Amino acid sequence: MATVEVRDLRKRYQDFLALDGVSLKAETGQLVTLLGPSGCGKSTTLRCLAGFLEANGGEITVDGESILGTPANRRGFGVVFQNYALFPHMTVAENIGYGLKIQKLPKSEIETRVYDAMKLVRLDGLGDRLPRAISGGQQQRVALARALVLKPKLLLLDEPLANLDARLRDEVRWLIRDLQQQSGITAFYVTHDQSEAMAMSDMVAVMKAGRVAQFATPREIYQKPTERYVADFTGEANFIPCQSVTPQGEGRYAITAAGATLELEGVPGITGPAELLLRPEALSLTAPEAGTFKGTVTKSAFLGAALHCEITLPDGSMLKLAAEPNHKVRTGEVVGIAIDNSHAWLMPEVAP
Ligand SMILES: Nc1ncnc2c1ncn2[C@@H]1O[C@H](COP(=O)(O)OP(=O)(O)OP(=O)(O)O)[C@@H](O)[C@H]1O
Ligand SMILES: [Mg+2]
């Protein structure tokens with residue numbers, strides 16, 4: 001098992017700086033997700049970890065020892081990449097056992113370990129099939145078993161579910177998380193799916209143009225984002241500019257925004273302009289005079305489990321909220337909006 005630390009990692013492709021000082025850490029047994037839009041450097045980070053790419057600066061350590069001088073095949077990591085194809089002419093069992101054969105282990109040990117790995121990922125009985133004769137989800141599980149059979153100290157997964165349909169994604173996702181937790185293997189997982197990152201991870205690194213914008217637990221990333229980019233990328237978010245901000249000490253602030261006065265928590269040390277983050281669950285509809293804010297309904301849609309509303313405030317800000325489904329509102333109606341301050345959060349307008 002392994003603690004893995006990436007410090008100030010830099011990677012240049014010709015004159016393009018793809019990684020501009022990436023730092024993150026996985027404690028033993030943690031699953032750390034790299035989350036971010038296309039092109040932000042997720043795969044590049046993972047490829048540097050795997051040893052498929054050479055970094056131009058920074059450090060990667062495993063249990064405190066640098067691995068930058070160790071070639072990929074000596075790092076002892078398991079790798080499952082989106083396009084890491086299976087060998088088409090080998091059976092499922094041969095694919096899974098390939099790495100062990102290279103290590104020249106005795107045939108009987110290979111057989112036992114392949115059998116155990118197939119059972120682990122629920123591929124029992126499919127060992128003699130060729131990859132083209134099994135489904136996409138099964139192929140993905142073969143790739144996973146092929147990595148796990150080597151008992152790696154670190155598992156690297158780059159969008160391993162990208163080719164699967166929604167139902168299979170869900171199934172294989174939980175299988176990965178279960179196996180990873182049961183075996184206590186440290187893992188890095190790449191995705192651009194926000195809900196996948198939130199559901200699976202111990203820690204999430206939200207990446208932005210070759211850097212880590214925030215590295216924290218899923219809960220913190222969602223409830224206490226350090227900047228608008230992170231808030232936007234991790235779920236539905238409403239932003240309201242503040243007219244005044246008065247620090248109250250210990251990350252608490254008194255603010256005025258869209259004609260209302262609020263006291264709430266926020267990013268520590270805000271001194272300049274700030275904006276209020278209101279997730280949909282911070283908001284509920286009330287009578288016009290009873291709410292913190294008063295606004296006009298500009299859109300509403302009944303979605304079964306909730307009534308989705310868009311409400312425009314006097315300062316022009318727009319709030320999206322999910323109201324109790326039996327609530328009835330008309331477009332143009334003036335409503336009150338109650339705020340649950342424990343779900344509200346203040347952020348600096350410019351990233352720290
Ligand atoms: N071999 C290469 N040569 C030049 N530029 C590259 C190369 N590989 C990646 N890049 C660039 O580096 C940046 C980061 O790429 P990377 O593959 O790490 O992104 P990513 O976050 O994994 O994106 P995606 O979600 O699309 O897979 C991108 O702008 C990409 O165009
Ligand atoms: Mg990628």
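For clarity, every value in this text was computed on a predicted model and none was experimentally measured.
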| message | Can a side-chain donor-acceptor contact be found between T61 and D63 if the only test is distance below 3.5 angstrom? | response | no
| message | Salt bridge or not between E227 and K208? Use side-chain N to carboxylate O under 4.0 Å. | response | yes
| said: Does atom CG (D128) have a neighbourhood of more than 12 heavy atoms from anything else shown, all under 6.0 Å? | reply: no
| said: With rounding to the nearest 0.5 angstrom, report the CG to CE distance, L148 to M118. | reply: 13.5 Å
| Q223 versus W345: any side-chain heavy-atom pair under 4.5 Å? | no
| note | dist L49:CG -> I67:CD1 (nearest 0.5 Å) comes out at 6.0 Å
| message | Testing the 3.5 Å rule here: is there a donor-acceptor pair between the side chains of T261 and T256? | response | no
| request: Starting from the C-alpha separation in whole Å, work towards a yes-or-no answer on side chain to side chain donor-acceptor pair (under 3.5 Å) for D193 and T191. | output: CA-CA 5 Å; D193 181 327; T191 181; 5.3 Å; no
| remark: Rounded to the nearest 0.5 angstrom, the CZ-CG distance for F239 and L278 is 9.5 Å
| If you group Ile, Leu, Val, Met, Phe, Trp and Tyr by side-chain heavy-atom gaps below 4.5 Å, do M90 and I102 land in one group? | yes
| request: Determine, using the 4.5 Å side-chain heavy-atom cutoff (strictly less than), whether F77 and L34 are members of one ILVMFWY cluster. | output: yes
| request: Ignoring hydrogens and angles, state whether a donor on the side chain of Q138 or R141 is under 3.5 Å from an acceptor on the partner side chain. | output: no
| query | Are L126 and V114 connected, step by step, through hydrophobic side chains (Ile, Leu, Val, Met, Phe, Trp, Tyr) whose heavy atoms are closer than 4.5 Å? | reply | yes
| Has E250 got more than 12 heavy atoms of other residues, nucleotides or ligands less than 6.0 Å from its CD? | no
| field | salt_bridge(D170, R173) N-O dist < 4.0 Å | value | yes
| request: Side-chain contact test, heavy atoms from C-beta onward, threshold under 4.5 Å: evaluate it for P247 versus I270 and give yes or no. | output: no
| message | Would H192 and E159 count as a side chain to side chain donor-acceptor pair (under 3.5 Å) here? Give the steps. | response | CA-CA 8 Å; H192 54 254; E159 309 225 21; 3.1 Å; yes
| task | Report yes if the side chains of K299 and T331 come closer than 4.5 Å at any heavy-atom pair, otherwise no. | result | no
| Considering the options V32, V206, I221, V22, which one meets the side-chain contact (heavy atoms from CB on, under 4.5 Å) requirement together with F215? | V32
| query | If Ile, Leu, Val, Met, Phe, Trp and Tyr residues are connected whenever their side-chain heavy atoms lie under 4.5 Å apart, and connections chain through other members, are L175 and V142 in the same group? | reply | yes
| request: Indicate yes or no: does K101 engage E94 in a salt bridge with an N to O separation below 4.0 Å. | output: no
| note | dist E59:CD -> R10:CZ (nearest 0.5 Å) comes out at 13.5 Å
| request: With rounding to the nearest 0.5 Å, note down the distance linking CG in N326 to NZ in K328. | output: 6.0 Å
| Worked verdict on L53 versus T44 for side chain to side chain contact (heavy atoms under 4.5 Å, CB included) | CA-CA 8 Å; L53 280 178; T44 303; 4.0 Å; yes
| request: Kindly indicate whether the side chain of F188, heavy atoms from C-beta on, has any atom under 4.5 Å from the side chain of L46. | output: yes
| Within residues 283-316 or reaching into it, pairs that qualify as ring pair (Phe, Tyr, Trp, His ring centres under 6.0 Å) - sequence neighbours excluded | none
| Salt bridge between K107 and E109, side-chain N to carboxylate O under 4.0 Å? | no
| task | Answer whether the closest heavy-atom distance between the side chains of R146 and L86 falls below 4.5 Å. | result | yes
| Using a distance-only test with no angle check, is there a side-chain donor-acceptor pair under 3.5 angstrom linking T298 and T312? | yes
| request: Tell me whether the guanidinium CZ or amine NZ of R279 lies under 6.0 angstrom from the six-membered ring centre of Y222 and within 45° of its axis. | output: yes
| task | Show your working on side chain to side chain contact (heavy atoms under 4.5 Å, CB included) between Q103 and L150 and close with a plain yes or no. | result | CA-CA 10 Å; Q103 290 178 8; L150 300 168; 3.7 Å; yes
| Are D20 and R211 ion-paired here, with the side-chain N under 4.0 Å from a carboxylate O? | yes
| task | Indicate yes or no: at least one non-hydrogen side-chain atom of M207 is less than 4.5 angstrom from one of L19. | result | yes
| request: Tell me, with the steps shown, if L9 and S23 meet side chain to side chain contact (heavy atoms under 4.5 Å, CB included). | output: CA-CA 7 Å; L9 195 67; S23 297; over 6 Å; no
| note | dist S43:OG -> F52:CZ (nearest 0.5 Å) comes out at 11.5 Å
| message | Within the 4.5 Å heavy-atom criterion, are C309 and L285 side-chain neighbours or not? | response | yes
| task | Scan side-chain atoms only and decide if S317 and D315 contain a donor-acceptor pair under the 3.5 Å cut-off. | result | yes
| task | Salt-bridge test for R169 and E196: reply yes if a basic N is under 4.0 Å from a carboxylate O, no otherwise. | result | yes
| query | Do you reckon I185 sits in the same ILVMFWY cluster as L179, going by side-chain contacts under 4.5 Å, direct or chained? | reply | yes
| said: Between R122 and E171, is there a side-chain heavy-atom distance shorter than 4.5 Å? | reply: yes
